Chemist: 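What follows is a single structure, and I will ask about it in a moment.
The figures that follow rest on heavy atoms only: side chains count, while hydrogens, waters and symmetry mates do not. Here the structure is a predicted model, which means the values were calculated and not measured.
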Amino acid sequence: QVQLVESGGGLVQTGGSLRLSCAASGRTFGSYNMGWFRQAPGKEREFVAAISWRGGSTDYASFVKGRFSISRDNGKNMVYLQMNSLKPEDTAVYYCAAVGGGYYSRRDSEYDYWGQGTQVTVSS
């Protein structure tokens with residue numbers, strides 16, 4: 001069992017930066033691949049980024065590549081999403097999620113555990 005709690009969201013101007021954090025409980029955190037997803041009002045939840053259980057492999061949605069960076073610290077049971085050059089279209093609730101097994105996924109249905117989400121609002 002893994003419990004996830006996101007933090008770090010807030011209101012930022014276009015071009016600004018935010019760093020989201022996801023704190024995980026459970027001694028087996030290091031064996032889970034982790035992902036970040038987001039959901040804007042009236043839209044379906046979408047994949048943002050993912051990282052392998054050791055942190056050696058990452059994946060990004062095309063619309064955040066070069067602006068966002070995912071990382072993890074297994075010693076601290078933490079996953080991070082550094083978001084730079086934010087745009088109004090990045091406004092959404094951001095969720096971290098954990099998936100066991102061999103690899104991460106872009107499909108939210110494959111993730112086993114979810115946090116409650118943190119709101120990110122980018123003003124124009």
Chemist: Measure from NZ or CZ of Arg45 to the centre of the six-membered ring of Trp114, then state whether that distance is under 6.0 Å and the direction lies within 45° of the axis.
Modeler: yes
Chemist: Donor-acceptor pair, distance only, cut-off 3.5 Å: does the side chain of Asp73 make one with the backbone of Lys76?
Modeler: yes
Chemist: Identify the heavy atoms of Ala92 and Ala40 that sit nearest to each other, and give their distance.
Modeler: CB-N, 3.8 Å
Chemist: Grouping I, L, V, M, F, W and Y whenever their side-chain heavy atoms are under 4.5 Å apart, do Met34 and Tyr113 come out in a common cluster?
Modeler: yes
Chemist: Calculate, to the nearest 0.5 Å, the distance between atoms OH and OG belonging to Tyr80 and Ser21 respectively.
Modeler: 5.5 Å
Chemist: Would you indicate whether Glu46, at its atom CD, is surrounded by more than 12 heavy atoms from other residues, nucleotides or ligands within a distance under 6.0 Å?
Modeler: yes
Chemist: Could you see if Ile51 belongs to whatever hydrophobic cluster contains Val5? Use Ile, Leu, Val, Met, Phe, Trp, Tyr and a side-chain cutoff under 4.5 Å.
Modeler: no
Chemist: Does the side chain of Thr118 come under 3.5 Å of the side chain of Glu6 through a donor N or O and an acceptor N or O?
Modeler: no
Chemist: Are Ile70 and Trp53 connected, step by step, through hydrophobic side chains (Ile, Leu, Val, Met, Phe, Trp, Tyr) whose heavy atoms are closer than 4.5 Å?
Modeler: no
Chemist: Closest approach of Leu4 and Val2, non-hydrogen atoms and distance?
Modeler: CD2-CG1, 3.5 Å
Chemist: Shortest non-hydrogen contact from Leu86 to Leu18?
Modeler: CD1-N, 3.9 Å
Chemist: Taking atom OH of Tyr32 and atom CG of Asp112, what is their separation to the nearest 0.5 Å?
Modeler: 6.0 Å
Chemist: Heavy atoms only: give me the nearest Asn74-Arg54 pair and the separation to one decimal.
Modeler: ND2-CA, 4.4 Å
Chemist: Do Tyr94 and Val48 touch side chain to side chain, with heavy atoms closer than 4.5 Å?
Modeler: yes
Chemist: Any chain of hydrophobic side-chain contacts (each under 4.5 Å) joining Phe68 to Val93?
Modeler: no
Chemist: Once rounded to the nearest 0.5 Å, what's the spacing between atom CE of Met83 and atom OG of Ser69?
Modeler: 12.0 Å
Chemist: Which heavy atom of Arg106 sits nearest a heavy atom of Asp59, and at what distance?
Modeler: NE-OD2, 2.7 Å
Chemist: Side chains of Thr28 and Gln1: does their closest heavy-atom pair fall under 4.5 Å?
Modeler: no
Chemist: Is Gln3 reaching over with its side chain to a backbone N or O of Ala24, donor-acceptor style, under 3.5 angstrom?
Modeler: no
Chemist: Tell me whether Tyr111 contacts the main-chain N or O of Gly100 through its side chain, where contact means a donor paired with an acceptor under 3.5 Å.
Modeler: no
Chemist: Which distance, rounded to the nearest 0.5 Å, do you find between the CG of Leu20 and the CZ of Arg38?
Modeler: 11.0 Å
Chemist: Quick check: closest heavy atoms across Ser52 and Gly56, and the distance to 0.1 Å?
Modeler: OG-N, 3.2 Å
Chemist: For residues 8-17, please give each side-chain donor-acceptor pair under 3.5 Å, one per line with the distance, not counting sequence neighbours.
Modeler:
unit_1: Thr14; atom_1: OG1; unit_2: Ser123; atom_2: O; d: 2.7
unit_1: Ser17; atom_1: OG; unit_2: Asn84; atom_2: OD1; d: 2.9

Chemist: Using modelled atom types and a 3.5 Å cut-off, is there a donor and acceptor pairing between side-chain atoms of Thr91 and backbone atoms of Thr121?
Modeler: no
Chemist: Could you give the distance from OH (Tyr104) to OG1 (Thr58), rounded to the nearest 0.5 Å?
Modeler: 6.0 Å
Chemist: For Gln39, which residues count as a side-chain hydrogen bond (donor to acceptor under 3.5 Å, both in side chains) partner, sequence neighbours excluded?
Modeler: none
Chemist: What is the distance from atom OH of Tyr95 to atom CH2 of Trp36, rounded to the nearest 0.5 Å?
Modeler: 12.0 Å
Chemist: Can you classify the ring geometry of Phe47 versus Phe37 as parallel (below 30°), tilted (30 to 60°) or perpendicular (above 60°)?
Modeler: perpendicular
Chemist: Are side-chain heavy atoms of Arg72 and Phe29 found at a separation under 4.5 Å?
Modeler: yes
